[in-house]
2 protein chains.
Amino acid sequence: MAGLTLRELAGKLDVSVATVSRALAGDQAIALKTRERVAEAARRFGYVPNVAARQLVSGRSGFIGFVMPVRGPNFIDSYLGEFVAGLGEGLVEHGIDLFIATVQAGRSELSVLRHVVESGRADGVVVPRIGETDERLQYLLERNFPFVAHGRLLDASVPYNWLDSDSVVAFGEAFDLLYDLGHRHFGLVSISDAMTFRHMRERGLREAMARRGDPNVTLEVASAPRFDRGATVAAINGLIHREHRPTAILGLFDELALTVMEEAARAGLSIPRDLSVVGFDNITAAAYAPPGLTTFEARTRDSAREIAGMLVDVIEKRSAGPATRLIRPQFVPRASHGPAPPPTTKF
Amino acid sequence: MAGLTLRELAGKLDVSVATVSRALAGDQAIALKTRERVAEAARRFGYVPNVAARQLVSGRSGFIGFVMPVRGPNFIDSYLGEFVAGLGEGLVEHGIDLFIATVQAGRSELSVLRHVVESGRADGVVVPRIGETDERLQYLLERNFPFVAHGRLLDASVPYNWLDSDSVVAFGEAFDLLYDLGHRHFGLVSISDAMTFRHMRERGLREAMARRGDPNVTLEVASAPRFDRGATVAAINGLIHREHRPTAILGLFDELALTVMEEAARAGLSIPRDLSVVGFDNITAAAYAPPGLTTFEARTRDSAREIAGMLVDVIEKRSAGPATRLIRPQFVPRASHGPAPPPTTKF
DNA sequence: TTCGGAATTTTAAACGTTTGCAATTGGTCT
DNA sequence: AGACCAATTGCAAACGTTTAAAATTCCGAA
């Protein structure tokens with residue numbers, strides 16, 4: 001199974017194992033001529049070092065771990081694919097591989113993470129989708145194990161490495177845009193799950209509102225559990241069918257905004273004439289759903305690539321304090337937003 | 001970093017390392033009382049075996065490898081995410097982890113695969129997206145390394161383990177449906193890349209055509225390089241704007257079918273009144289693009305889960321000959337197909 | 001009490017690397 | 001020629017586990 005060993009290669013070259021090892025590592029103590037001779041032979045015979053042996057002595061696995069939660073059978077969002085692709089891209093230039101541990105249905109994500117860390121399978125981990133408080137981070141911090149989080153804790157005083165998208169800015173931007181288009185009555189479709197980004201995005205909206213200081217501006221928030229479609233639809237309809245309907249509704253992320261568009265269509269509303277809708281993430285379907293959802297590009301793939309780099313730095317102890325990084329989402333204007341309808345339209 | 005070692009645990013229990021090792025492995029030669037005592041202590045002290053050491057002696061890594069090609073920056077299809085999720089799900093119950101090696105822009109996929117195999121990082125690999133002839137499979141077969149392929153070679157005489165979706169049946173089914181709706185002039189938007197599924201799907205269509213034995217049936221095939229949008233649009237327009245336009249166009253996969261719908265809309269054609277369109281894969285956008293794309297569910301995630309199981313069997317030598325498996329795609333009727341327009345419509 | 005053999009445990013080698021330290025080589029200077 | 005030093009190479013231990021084989025313990029029978 002395993003190909004040529006160092007010992008065999010050394011035998012062919014008539015030098016010691018140690019010399020070959022050092023030569024391949026580029027050790028200056030080995031004569032240049034020898035280094036070249038060894039490199040040449042290694043190439044010619046196709047020598048590939050055994051990672052297990054290397055790991056055993058060095059203590060480093062050459063792996064980054066990623067604990068993948070298994071979602072319901074009918075739902076995979078694009079996040080996973082984008083994120084994994086980005087991590088791979090970011091790691092490959094450092095010669096590090098990605099390793100993915102799946103969480104079995106019954107078990108907790110934390111228990112898998114713990115196993116990954118303690119078996120020495122990974123030199124560091126990336127932790128996606130951080131909740132308001134997160135036992136995974138707590139564990140990693142306690143154990144002082146290298147990690148980078150994608151997302152933030154609610155408690156901003158805890159120091160750790162994270163990267164997050166700056167949704168405060170994005171939702172502020174969205175508000176300003178819509179306000180300038182004449183909108184005064186806003187709706188936000190949110191989730192009731194304990195995720196930090198929910199607060200961030202709502203805060204972005206409210207801060208932008210406050211900056212205007214316009215007493216006529218209103219904001220209604222409707223929430224439902226994240227993967228509960230029935231409750232989501234109900235929440236949205238509560239927003240659409242109220243007496244004083246918002247003229248602009250923001251979805252916490254695209255899936256919600258798309259559902260808003262569907263329900264609006266069902267209610268006979270024309271978008272963007274009667275209602276403006278804005279989402280966040282820019283999933284593929286956003287471009288296809290008529291009339292085209294205005295949204296923000298979350299840049300998941302870029303973020304993951306960046307996270308990979310940050311984690312490598314952490315592992316190699318190149319970074320001093322905790323590294324934090326905000327990614328600014330990019331506005332993607334499509335056709336689902338427009339000027340506020342004249343007051344008469346609101347019947 | 002690495003927690004408790006076997007030696008330390010043995011020290012606490014006042015027995016030899018070997019006894020602890022055997023006890024944890026459930027070796028019957030160890031007294032039941034000892035086994036229980038050891039298990040209890042291991043749990044209590046949180047002992048987690050070091051995988052590198054274990055791998056070094058056993059020769060098994062506990063990893064399945066997946067070599068991930070990096071695509072252009074703007075394009076990630078849902079395949080990757082679904083596939084990785086499915087693999088993870090399929091592997092987790094066997095206590096095996098997934099490891100992903102990314103192919104750097106400049107390097108060949110084969111060279112990465114070779115490295116994965118020869119470094120002993122994986123006990124088996126899964127090879128996605130098989131081409132008509134595939135150097136990766138050739139290498140793995142030569143080396144007699146466990147693998148399962150997703151997709152087939154054009155040459156059906158080579159024996160190896162594969163799983164593929166039965167697109168011959170699916171495209172035959174699509175033809176029959178459309179024929180029964182009165183369609184006689186067919187178009188197929190294909191790719192010019194050397195992928196086996198291109199032949200399979202076209203063959204499914206032609207075989208179903210042949211079965212009807214209707215001399216009035218025509219089929220025009222238009223192809224373009226897979227990721228070349230400009231060429232794809234041109235090929236599609238060649239099909240749409242010809243004198244005797246097809247009344248039904250099939251896309252080799254959904255992206256192509258969706259582009260057909262876009263171009264048809266641009267040409268002022270109404271779907272499905274003037275033109276029926278059918279795709280394959282059932283990507284998310286298929287449901288959102290008006291009027292809703294009729295397609296086939298490729299069941300990538302299920303396939304990947306199944307592949308994981310097959311590979312485990314191969315690794316553990318439970319399967320006799322090469323295992324092969326055809327997954328039947330499921331028809332997903334939406335609104336993009338309908339009765340053939342009356343002959344007068346074709347101007 | 002002693003012995004044979006089964007039951008249980010221990011010893012020690014092996015897996016393929018890396019690396020501190022010792023040993024050897026080669027060259028230069030006196 | 002001898003001595004010294006630098007350059008180069010080799011020796012051997014270590015990493016944490018598994019496992020074949022040897023050693024020990026235990027038990028019941030003679």
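Reminder, nothing fancy here: chain letters follow the sequence lines and each chain counts from 1.
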Legend entry - Aromatic contact, A/F63 with B/F99 (centres under 6.0 Å): yes

Inset, instruction - Please report, rounded to the nearest Å, how far the C1' atom of D/dT24 is from the CD1 atom of B/I30. - result: 13 Å

Inset, instruction - Please determine if a side-chain N or O atom of B/S58 lies less than 4.0 Å away from the OP1 or OP2 oxygen of D/dT18. - result: no

Legend entry - Whole angstrom value for the distance that separates P of D/dT19 from CG of B/D27: 9 Å

Inset, instruction - Round to a whole Å and report the spacing from CZ of B/R37 to P of C/dT9. - result: 8 Å

Legend entry - Nearest-nucleotide pick for B/A53, side chain only, options being D/dG16, C/dT18, D/dT8: D/dG16

Legend entry - Residues from residues 12-20 of chain B lying under 4.0 Å of DNA chain C - heavy atoms: B/V15, B/S16, B/A18, B/T19

Legend entry - Separation of atom CG in A/N50 from atom P in C/dT18, rounded to whole Å: 10 Å

Inset, instruction - Please determine, for the side chain of A/T34, which listed nucleotide (C/dT8, D/dT8, C/dT17) has the closest atom? - result: D/dT8

Inset, instruction - Rounded off to whole Å, could you give me the NZ-to-P distance for the B/K33 and C/dA7 pair? - result: 17 Å

Legend entry - Donor-acceptor pair present, B/R22 side chain and D/dT17 base, under 3.5 Å: no

Inset, instruction - Go through B/R54 and B/S58 one step at a time and tell me if the side chain to side chain donor-acceptor pair (under 3.5 Å) criterion holds. - result: CA-CA 6 Å; B/R54 176 174 281 181; B/S58 74; over 6 Å; no

Inset, instruction - Show your working on side chain to side chain donor-acceptor pair (under 3.5 Å) between A/S119 and A/R121 and close with a plain yes or no. - result: CA-CA 5 Å; A/S119 64; A/R121 257 178 303 201; 3.0 Å; yes

Legend entry - With sequence neighbours excluded, residues passing side-chain hydrogen bond (donor to acceptor under 3.5 Å, both in side chains) with A/S303: none

Legend entry - For A/H150, the option from A/F83, A/W162, A/F197 that meets ring-ring contact (aromatic ring centres under 6.0 Å, His included): A/F83

Legend entry - Distance in angstrom units between A/L56 CG and D/dT17 C1', rounded: 8 Å

Legend entry - Phosphate OP1/OP2 of D/dG16: any B/Y47 side-chain N/O under 4.0 Å: no

Inset, instruction - Rounded to the nearest angstrom, tell me the gap between atom CZ in B/R60 and atom C1' in D/dT17. - result: 16 Å

Legend entry - Residues B/R226 and B/D193 bridged, charged N to O under 4.0 Å: no

Inset, instruction - Round to a whole Å and report the spacing from CZ of A/R7 to P of C/dT17. - result: 9 Å

Legend entry - B/E40/B/R43 salt bridge by N-O under 4.0 Å criterion: yes

Inset, instruction - Name the nucleic acid region contacted by B/A29, choosing base, sugar-phosphate or nothing; use a 4.0 angstrom heavy-atom cut-off, strictly under. - result: base

